[in-house]
Structures are given as structure tokens and as C-alpha cells.
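Quick notes on the structure that follows.
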Amino acid sequence: MSWIAQGVRGVRRAFRLERWMGEQVERELDDEFRFHLEMREGELRDAGWSPEAARAEARRRFGDTDEARRYCRALDHRGAREGRRREWARGWGQDLRSAVRQLRRAPTLALVAVLTLSLGIGATTAIFSVVHRLMLAPLPYPDADRIVAVSQTSAQNDVYIAASPELVDAWREGSSAFEHLGIYTEAQVVRTGSDDGRESLRAARLSAEVPAVLGIRPQLGRLFLAEEARPGAAPVAMLAYGYWQRAFGGRDDVIGEPVTLDGRVHTIVGVLPRDFVLPSFSPVRDRQVVLPLVPDSTIGYGFAIGRLREGVTTAVASAQLSAVMRSLAAQDPQFEHLSARVMRQEEFLGRGTRQMLLVFMGAVTVVLLIACANVAGLLLARAAARQRELAVRAALGAGRRRLVRQLLTESALLGVLGGVGGVGVAWLGLRAVMAMRPPSLDELEGMTLDPQVLLGAIALALVTSLVFGLAPAMLGAAEGLRASLVVGSRSATGHRRSQRLRAALVGGEVALSVVLLVCAGLLVRSVLAMHAVDVGFDPRNLYGAGITLPEVRYSTPESRPAVYAAIRERLETIPGVVAASVGGEVPPDNGVTFGKLEIDGMPDLPADAPSTIGYDQVSVDYFRVIGTPLLAGQLPSDTAGSPIVINETFARRFWPDGRAIGERLRLSENGAWRTVVGIVGDVRRPGSRSSANELRMHVPFDGTSPYGAILVRTSGDAPQLRASVERAVAGVDPDIELHELRTAEGVIATSIAGPRFSMTLLGVFAVVALVLATVGLYGVVSLAVTQRTREIGVRMALGASPRGVTAMVVRQAMLLAGGGLVAGLAASVGAVRAVRGMLYGVEPLDAPTFVVAAASLAVVAFVAALVPARRAARVDAMVALRAE
Amino acid sequence: MARNPSDLMHGTLDVLVLKTLSWQPMHGYAIMRWIERRTGGVLGFEDAALYKALHRLERSGAIEAEWGVSENNRRAKYYRLTEPGRRELAAEATSWRRYAAAVVAVLDGERRDVIDALEPGTA
């Protein structure tokens with residue numbers, strides 16, 4: 001009967017056991033009473049009573065049969081149950097002690113098994129806890145699945161733009177999908193006048209609806225009122241729970257107290273609950289103080305969140321908001337080619353990140369399966385060696401169920417030990433992941449193993465012990481039972497069966513590790529391709545930062561160009577700086593613009609013409625500073641005639657014959673025509689496939705905007721550069737804001753960081769899988785050689801050479817590995833679809849990758865088979881033949 | 001043959017059963033006959049009470065049971081005294097004898113003994 005059928009029958013029997021036991025108690029009581037009555041009857045009949053009278057008298061003398069029966073039955077049932085429980089516990093105690101003894105008798109097996117399991121369980125625990133934290137942890141609010149984020153997007157939905165409070169108002173009025181819709185921003189405020197001196201606090205500004213969106217109740221005091229979020233209202237603030245505890249001692253009487261933030265006195269009106277978190281692409285958990293969002297010119301943009309009405313889907317809401325955007329576009333051209341999208345929390349994680357996490361989950365599960373297969377193989381081999389002991393147990397009365405239970409207890413013990421070790425591995429693994437993590441996983445900051453994870457690890461350990469222990473347990477028990485019947489035999493069929501199973505397991509391991517190798521190889525090629533991308537400029541020693549001119553001092557556009565010119569002069573005087581420019585982002589980053597591309601003279605543009613195009617304002621010497629060549633035309637120095645400069649790919653796409661200069665294009669029906677005056681080389685961002693990366697247009701930076709940027713190239717390492725730049729800018733005007741200084745190399749590295757992380761992690765998994773599979777293969781071949789020592793002796797006695805024997809062993813081993821290899825390659829063809837989205841510059845069915853993966857596995861398998869094969873060659877024929 | 005049994009104290013039956021089983025394992029019917037014979041018919045009891053006592057003693061571990069074949073080839077439940085049961089028997093027997101002696105002393109005692117007991121030292 002198949003194992004599944006046996007298992008089902010066992011479970012059914014366990015449930016019937018209770019009732020059957022109860023029936024047995026009843027039957028025994030009946031028998032006992034009946035015996036007594038019959039004895040009494042017999043005695044009375046012997047004394048001369050008639051049979052009917054005797055029976056009646058016997059019954060009368062007995063007394064209240066029913067009451068006695070009830071009394072005794074209750075007692076007996078309870079006793080029987082207790083007895084069963086004790087028996088059961090004693091059985092488990094025996095099994096556990098026996099399992100410990102078995103492990104001590106085979107310390108190497110135990111060590112190898114526990115290490116293997118620790119690796120598998122630990123890696124799985126680490127990855128799944130990361131995924132849990134990023135993908136599954138729900139917001140701690142009532143009906144949190146109705147909380148959504150709302151974002152402006154480009155028409156193709158590939159770029160997200162922050163919303164403004166006015167836009168959110170328009171959305172709220174123009175749609176019926178939301179119960180509440182609000183917006184918030186993160187902010188820094190400075191607290192003064194407290195005992196801690198001047199403190200910089202992490203703050204958030206919430207519009208009046210945000211608390212309703214989330215559904216929070218204040219821990220203390222109250223939430224903001226709508227009036228308090230209007231200009232001119234008396235300033236109020238709410239404290240976050242942690243900050244309330246730390247800076248205000250958790251006092252109940254903080255309500256109404258003043259706190260000075262950014263120079264203004266705010267009144268504390270409430271304290272937020274402990275688990276307050278703001279939903280976002282990267283949830284905001286660490287705020288210290290929360291203020292109302294007062295719409296004014298300084299708050300341009302924020303993150304919009306809403307609570308959907310019961311039963312409304314995100315699709316319906318998105319459609320309604322898109323309609324609002326279209327009606328807005330009719331009145332205000334800036335909204336053309338923009339759309340809106342409503343997203344649930346699961347979708348916050350970028351699609352790329354989600355796919356990466358899924359791939360990791362799949363890969364680590366594969367590693368765990370391979371580890372289980374290895375341990376199962378070890379146990380199978382060991383069961384064959386223990387046949388005699390199991391036979392004795394069977395002969396002493398252990399049924400199949402008991403034997404299986406005992407063997408499963410040994411597996412469970414290994415599993416639990418592996419789980420404990422796995423916790424250590426998980427901790428290490430998490431530390432490694434955190435250290436290497438790319439910006440897309442920044443949210444993992446401060447993550448540690450929490451009790452949930454530990455519980456998960458233990459549960460995983462028990463489940464895996466079932467996975468790897470069941471087959472060996474059932475086989476071992478069957479063999480033990482059979483051997484107990486046949487005296488003195490060493491069952492060859494049993495050995496063969498377990499060897500075949502082991503071989504199949506190893507074949508599977510090989511196949512799985514091939515899949516991982518292929519996928520990792522593809523990622524390696526992708527990252528190499530990204531590194532090899534010609535970025536189109538010279539990224540060495542190139543620094544850039546955004547700057548903002550204070551509005552109060554430079555309120556007119558005419559006042560600003562002189563400031564930028566002055567800044568540039570000062571930058572050039574910094575020692576070590578070889579070139580500076582003002583205007584233009586640090587390459588390869590660029591800005592983005594949206595629109596429906598129209599080209600003068602080309603009325604029928606293909607329908608898939610992109611609506612998202614790279615866009616930047618650059619000064620005339622920008623391209624010289626970054627090292628990108630001018631390929632045709634010239635670089636404009638002012639905005640007369642709406643000139644633009646496009647990159648080579650842009651020009652070639654629409655004017656393949658190279659006549660782009662002088663052509664005109666515009667981005668919307670009502671926009672101004674712009675004339676192409678120059679073509680520059682392509683600047684590329686490695687790893688990006690967005691059209692904003694491929695097609696770029698540049699307009700002259702004329703210095704009239706209060707928002708600008710500086711770019712500086714130095715001759716070598718410049719550790720003091722930040723300070724020097726700050727001084728130079730401050731020298732022009734100390735109130736000019738200088739934002740974070742970034743390097744071009746840093747931007748490039750960041751864009752590759754995610755794929756590099758994936759490649760490294762998947763590579764680690766692939767190597768671990770390969771090692772485990774190799775160890776498994778070695779074990780199988782080694783055991784086969786040992787078991788076939790006699791056969792080898794015979795062969796050698798009949799004239800086989802040592803080399804021939806080695807060749808035979810290696811050939812059979814390679815056959816096994818080859819089978820797994822072929823299966824793995826076939827499986828890879830399907831599996832690479834999972835990583836297709838992560839590839840760059842390489843096709844999923846990339847032949848060299850497959851070949852390299854197959855070759856590395858073949859080489860490793862060959863070496864693993866060679867060691868026992870050499871041992872086979874050294875077999876002394878005489879010794880072997882005598883040994884049995 | 002059946003006479004009305006004297007009322008027995010609770011627990012008396014238990015100690016009698018234990019003592020009976022201390023001679024040899026028996027089934028319930030045999031225990032009943034044994035006690036009837038030993039007490040010369042003075043102590044008889046309802047069979048139901050006996051079985052309740054037997055099951056109670058089995059649950060408390062003083063006796064244990066096993067199914068066997070009776071002298072007339074029938075399936076019967078035999079009871080046997082356990083080690084803890086033996087100890088309990090010794091303890092119960094001692095306290096029972098003391099109790100009985102005390103009752104007898106009061107019933108058979110001289111008036112003088114009683115006065116002596118109440119006011120020691122008076123003549």
C-alpha cells in the first residue's frame with residue numbers, strides 16, 4: 001500500500017481509538033457483572049431454586065446494577081484515559097532517549113546533518129523574515145486593507161510624482177471612491193527652549209484628514225481639528241509615543257504645555273499611539289512630533305493617502321481620479337499627460353523589488369530542499385546500517401507504527417538541533433543582508449530577529465524534519481520488520497531500494513543546483529553588462545549638488561543669473577577644481593518630463609512613442625565639464641528661439657538619416673515648438689530601461705529659476721571638497737541652501753546596487769546548493785563503493801585493472817550526475833522566466849551561461865566521484881573476497 | 001440464608017477486600033464468598049457495593065486487575081494486591097484494630113475505669 005494510504009489509515013485509526021477504547025470498558029464491565037450474576041444463579045440453582053427464581057434472586061441480591069455500572073464506568077474511563085496518556089508519554093520519553101543515544105553513536109552523521117540543516121533552515125528563516133517585514137507586515141490600523149496611496153503618474157504609469165495639497169483637494173471633490181483622503185510630508189523641525197538644548201526632531205505634517213484615513217485614536221489628549229490646519233491658526237502639535245516617553249517622561253499632564261518648534265510656540269494637544277506608522281513606499285516609523293499641514297507656498301508636495309469606501313476597488317478609484325486629471329488638464333496644461341493611480345500597500349514595493357524578493361524566496365527554498373535531501377540520504381544510509389537493531393526491536397514487539405515513530409523522533413531531534421543552529425545562521429545572515437543591502441531595501445534598518453521569526457524557525461525545523469525523515473523512517477521500519485522475520489539475513493533488496501532512493505535524491509539535488517547556477521550566472525552577466533555600459537561621460541571625480549536661492553532676497557527672475565555666475569566663479573577658484581558649471585544634474589541622473597511627442601513634419605508618429613522623456617536644464621559648458629562630446633550643431637547659451645539639444649539615440653530614432661538639426665518638436669498640442677540645435681553623445685544610466693534614460697533633451701539653463709545645481713570636477717581625490725564648496729557658496733550669500741553633494745560614480749553605483757545585491761545573494765545560494773549537492777553525490781558514491789567491495793574484488797581477481805575500476809566508478813557516478821544535469825538544464829529553461837525581469841543585456845536563454853553552469857557542475861561532480869573511485873582502485877582482491 | 005447485613009462503615013469494605021486479596025488473587029464473586037464465610041455470615045453486603053469498592057481500589061492503585069479463566073472455565077476478572085495496596089492494608093488494619101479496641105473498651109469497661117479516666121487520682 002502506498003505511504004499516503006497508510007498514513008491516512010493511521011490517522012483514522014487514531015480517531016477511532018478513543019471510541020473503541022470506550023466500548024471496551026463497557027464490554028468488560030458487562031462481562032464482569034454477568035459473571036458474578038451467573039455464578040450466583042448457579043449457586044442458587046444448586047441449592048434447589050428454579051432457574052427463573054434463581055436469576056431474579058441473583059439480580060435482587062446484586063443491588064442497583066445501573067448505579068453500580070455508572071459509577072464503575074466513570075472510574076474506568078478516567079483510569080483508562082490516564083493510562084493511555086501515561087503510556088503515550090512514556091513512549092515519547094523512550095523514543096527521545098533512544099534518539100539521543102542513536103545520535104551519540106553516530107556523531108559524524110549527527111554533526112553533518114545538523115550543520116546542513118542549520119544552513120538550510122537559517123537561510124530560509126533569514127530570507128522569509130526579510131520578506132515578511134517588507135511585504136506582509138500589515139499596517140496596525142483598523143481595516144488596513146482599505147488604506148491606499150494615491151500618486152500622480154506619467155501617462156504610462158512608469159513614473160510617480162508627488163501630489164500637492166490643492167491636487168488632493170481636487171481629487172477629493174471630484175471622486176466618490178474615498179471615505180477620507182489626505183496628504184502628509186516629512187519634515188525636520190528644531191526644538192528650542194528645553195533642557196536638552198537645541199534638538200533637531202523628525203517631524204511629519206499631516207493634513208486634517210490623515211488621522212481619519214488611518215483610523216488612529218490618540219493615546220492621550222486629542223487629534224488636530226480641521227481649523228488648526230488653516231493658515232493663521234494657533235500652532236498645535238502632537239507628540240509621538242516614543243518621544244513623549246523619552247523627552248516628557250510619559251507624563252499625563254503634557255496636554256496644553258507649550259513646545260517651541262522652529263521658533264514658534266506650539267501647544268501640545270495630544271500623544272499618538274505607540275505603533276504609529278505612516279504608509280509610504282518605505283513606511284515612516286520613526287517620527288518624533290507631528291504637526292498639522294498648513295497649505296502654503298512652502299509646502300509644495302507630499303505623499304497622498306486615502307481610505308477607500310467599503311467595497312470600492314483600486315481600479316475604480318484610479319479610473320475616477322484619472323477622469324479628474326483629464327478635466328484638470330482641460331483648464332491647466334501642466335496636467336496634460338499626467339494620470340493618477342491608487343495603490344494598495346502590497347503594491348508600494350516597487351515591482352522590481354517584489355520580484356527580487358520572490359526570486360530570493362524561491363532560491364532559498366531550493367537550498368532548503370537540497371539540504372533536506374542530503375539529510376534524508378544520510379538517514380537512509382544509516383537505517384541500512386541499523387537493520388539489525390531495528391529487527392530486534394520488531395522482534396520484541398514494536399509494530400510498524402512504533403518503529404516509524406521512533407525513527408521520526410530521531411529526525412525531529414536532528415531537526416530541532418538544526419533549527420537552533422539555524423537561528424544562529426539566520427542572525428548572521430540578516431547581519432550580512434543588512435550590511436550589503438541596496439537602497440531599495442533601506443527600510444530594513446534596525447531589523448533584528450523577533451520572537452515571531454524564532455517561532456517560525458522552530459516550526460520550519462519540525463516540518464523539514466518530517467520532510468527528510470519520513471521516507472527513511474518508513475523504509476527503515478519496513479526493513480526492520482522484514483529482517484526480524486528472516487533470521488540472519490542482510491536484506492539486499494532493502495539496501496538496493498534505499499540506494500535507489502538516495503540516488504534519485506542526489507539526482508534531484510544536482511538538477512536543482514543547476515537551476516540556481518544558471519539563474520545566478522544570468523545575474524552575474526547582467527551586472528557585468530551594467531558595469532560595461534558606456535555611460536557616455538567621464539564619471540571620475542565629478543561632484544554635484546542642488547542649490548536653492550532664498551526667495552526673499554532674489555524674488556525676481558532677473559536677480560538670479562548673477563548669483564549663479566558668482567557661485568561658478570568662486571567654485572573655479574577652489575584648489576583642485578578643474579572645471580565647474582552651474583545647472584544640470586549629476587550624470588547619469590536626469591530630470592523627467594511628460595508629454596505627447598509631436599514632430600514638425602512627421603504627422604504619423606508610431607503609437608508607442610514615449611511620453612516620458614529625460615529633461616534637464618543645463619548650462620552651456622555642462623557637456624564639456626562632464627565629458628560628453630558634441631556630435632553635431634552647437635550648444636545654445638540662451639533661450640532665444642526655444643533651442644534644445646538632444647542625445648544621439650533620440651536623433652537617430654526619429655531622423656535616421658541624420659538630419660535632426662533644425663527640426664522642430666513639441667511635447668503637447670499647446671506647447672511651444674522647440675528647435676533642435678545640437679546633438680550630443682548618449683549618457684546612460686546602467687541598469688535602467690526607462691525611456692527617460694534613453695531619450696534626453698536639454699534646454700539652456702538661464703539662471704532665472706531659484707532652483708539650480710552645481711557641478712564640479714576635481715583633478716584628484718578631494719576630501720575637503722564639501723567644506724570648500726560650502727564656503728564658496730556661502731561666500732556669495734550665506735542663506736543659499738546647498739543640498740547633498742553627490743558623486744557621479746556614486747550615482748552609477750547606486751543604480752547598480754540592487755542588481756549587484758541580487759547577484760551576490762543568488763550566487764551565494766547557488767554555491768551553497770552546489771556544495772550540498774556535491775557532498776550528497778560523494779556520499780552516495782562512497783557508500784556504493786563500500787557496499788560493492790566484494791564485487792570489485794571479484795573484478796580485480798578476474799583481471800580488471802585499478803584504472804579500469806576507477807573508470808567504472810567514475811562513469812557510473814557521472815551518469816547519475818549527468819541525469820541530474822540534463823533534468824536541471826531542462827528545468828532551467830522554464831525557471832529563467834522567473835528572473836527575466838531582472839536581466840540586463842543578456843537573454844534568458846543565454847547559451848554561454850547554460851554551458852558554464854553545466855561545465856562547472858560536471859567538473860565538481862567529477863572530482864567528488866574521483867575520491868571514492870580511487871579508493872575502489874586500491875581494494876585488495878584477496879581481502880575483499882575474504883571479508884564477507 | 002440471607003440475613004440483613006449490619007451497616008458497615010465506609011472504608012470497612014475496602015480494608016476487608018484488601019485483606020482478602022492479600023491471601024491470593026481472586027475474582028469479585030470469590031471475594032464476596034470469602035468474606036461471607038470468614039465472618040460467618042455476620043457481614044454481608046450488596047454485590048454492587050463490592051464492585052464499586054473493587055473499581056475504586058483499582059483506580060487508586062491498591063489492586064490491579066487481569067482477565068483470566070475461572071475454575072469453571074469462564075472468563076473472569078481477577079484482582080490482585082499491589083505493593084502500595086499492601087502498605088495501605090497494613091495501615092488501615094492497624095487503625096481499624098485501634099478503633100475496634102476503643103469501642104470494645106467503652107462497651108466492656110467498668111464504671112471505675114471510667115471515673116479513673118475522668119478524674120485521675122481520686123479513690
Side-chain angles (χ1 to χ4, degrees), chain A residues 20-51 53-87 89-90 397, chain B residues 1-8 10-11 13-14 17 20-21 25-37 41 43-80 82 84-85:
Chain A
W20 176 72
M21 288 277 187
E23 285 166 4
Q24 190 179 21
V25 162
E26 298 281 345
R27 242 175 309 142
E28 286 191 356
L29 259 183
D30 285 342
D31 287 348
E32 194 179 10
F33 285 7
R34 192 168 355 124
F35 174 78
H36 185 106
L37 287 169
E38 283 171 358
M39 292 291 278
R40 176 81 77 183
E41 264 183 57
E43 200 181 293
L44 290 173
R45 273 206 305 269
D46 291 343
W49 292 57
S50 76
R55 193 169 312 148
E57 175 67 9
R59 208 147 286 170
R60 188 194 68 83
R61 288 211 203 172
F62 195 93
D64 191 340
T65 319
D66 288 326
E67 194 250 331
R69 192 194 304 267
R70 270 199 304 274
Y71 184 93
C72 295
R73 185 201 305 154
L75 278 177
D76 286 355
H77 273 303
R78 238 178 294 149
R81 241 184 315 219
E82 248 174 54
R84 270 203 306 281
R85 231 175 298 154
R86 235 176 302 136
E87 184 64 42
R90 193 158 6 118
Chain B
M1 218 207 15
R3 266 189 262 169
N4 281 332
S6 314
D7 278 334
L8 291 168
H10 180 74
L13 187 50
D14 288 6
V17 165
T20 308
L21 288 177
M26 293 181 207
H27 55 66
Y29 190 73
I31 297 174
M32 185 212 71
R33 298 300 270 133
W34 179 284
I35 295 181
E36 272 184 357
R37 272 204 301 272
L43 288 183
F45 39 79
E46 267 192 357
D47 307 341
L50 171 67
Y51 280 98
K52 289 206 281 199
L54 281 173
H55 282 251
R56 196 169 52 234
L57 287 170
E58 185 187 359
R59 180 98 161 84
S60 70
I63 61 181
E64 57 189 10
E66 195 177 20
W67 281 90
V69 179
S70 72
E71 45 287 349
N72 50 358
N73 268 332
R74 311 264 284 287
R75 200 169 106 91
K77 196 172 183 188
Y78 279 80
Y79 291 92
R80 175 194 20 243
T82 63

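Chain naming here is simple, since letters A, B, ... match the order of the sequence lines and numbering starts at 1 in each.
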Indicate yes or no: at least one non-hydrogen side-chain atom of A/Glu67 is less than 4.5 angstrom from one of B/Lys52.
-> yes
Residue part contacting chain B, namely of A/Leu37, when any heavy atom lies under 4.5 Å | neither
What one should report as the nearest heavy-atom pair of A/Cys72 and B/Tyr51 is SG-O, 3.7 Å
Find the one option among A/Gly42, A/Ala68, A/Ala47 whose heavy-atom pairs under 4.5 Å with chain B are most numerous.
-> A/Ala68
Taking it one step at a time, do A/Tyr71 and B/Arg56 satisfy side chain to side chain donor-acceptor pair (under 3.5 Å)?
-> CA-CA 9 Å; A/Tyr71 184 93; B/Arg56 196 169 52 234; 3.2 Å; yes
Stepwise side chain to side chain contact (heavy atoms under 4.5 Å, CB included) test for B/His55 and A/Arg73 | CA-CA 9 Å; B/His55 282 251; A/Arg73 185 201 305 154; over 6 Å; no
For B/Glu58 and A/Asp76 the tightest heavy-atom approach is OE1-OD1, 4.5 Å
Rounded to the nearest 0.5 Å, how far does CG of A/Leu75 lie from CZ of B/Arg59?
-> 6.5 Å
Give a yes or no on whether a salt bridge exists between A/Arg40 and B/Asp47, defined as a side-chain N under 4.0 angstrom from a carboxylate O.
-> yes
Here the pair of heavy atoms bringing A/Met39 nearest to B/Asn72 is SD-ND2, 3.6 Å
Ranked by heavy-atom pairs below 4.5 Å to chain B, first place among A/Arg78, A/Glu32, A/Arg69 goes to A/Glu32
Tell me, do A/Phe35 and B/His27 make a side-chain contact under 4.5 Å, heavy atoms counted?
-> yes
Check: B/Tyr29/A/Glu38 side-chain N/O donor and acceptor closer than 3.5 Å | no
For A/Arg34, is it the side chain, the backbone, both, or neither that has a heavy atom closer than 4.5 Å to a heavy atom of chain B?
-> neither
Does any heavy atom of chain A fall under 4.5 Å from the side chain of B/Arg75, the backbone, both, or neither of them?
-> both
In terms of heavy-atom proximity below 4.5 Å to chain B, should A/Glu28 be classed as side chain, backbone, both, or neither?
-> both
Atom CZ of A/Arg59: over 12 foreign heavy atoms under 6.0 Å | no
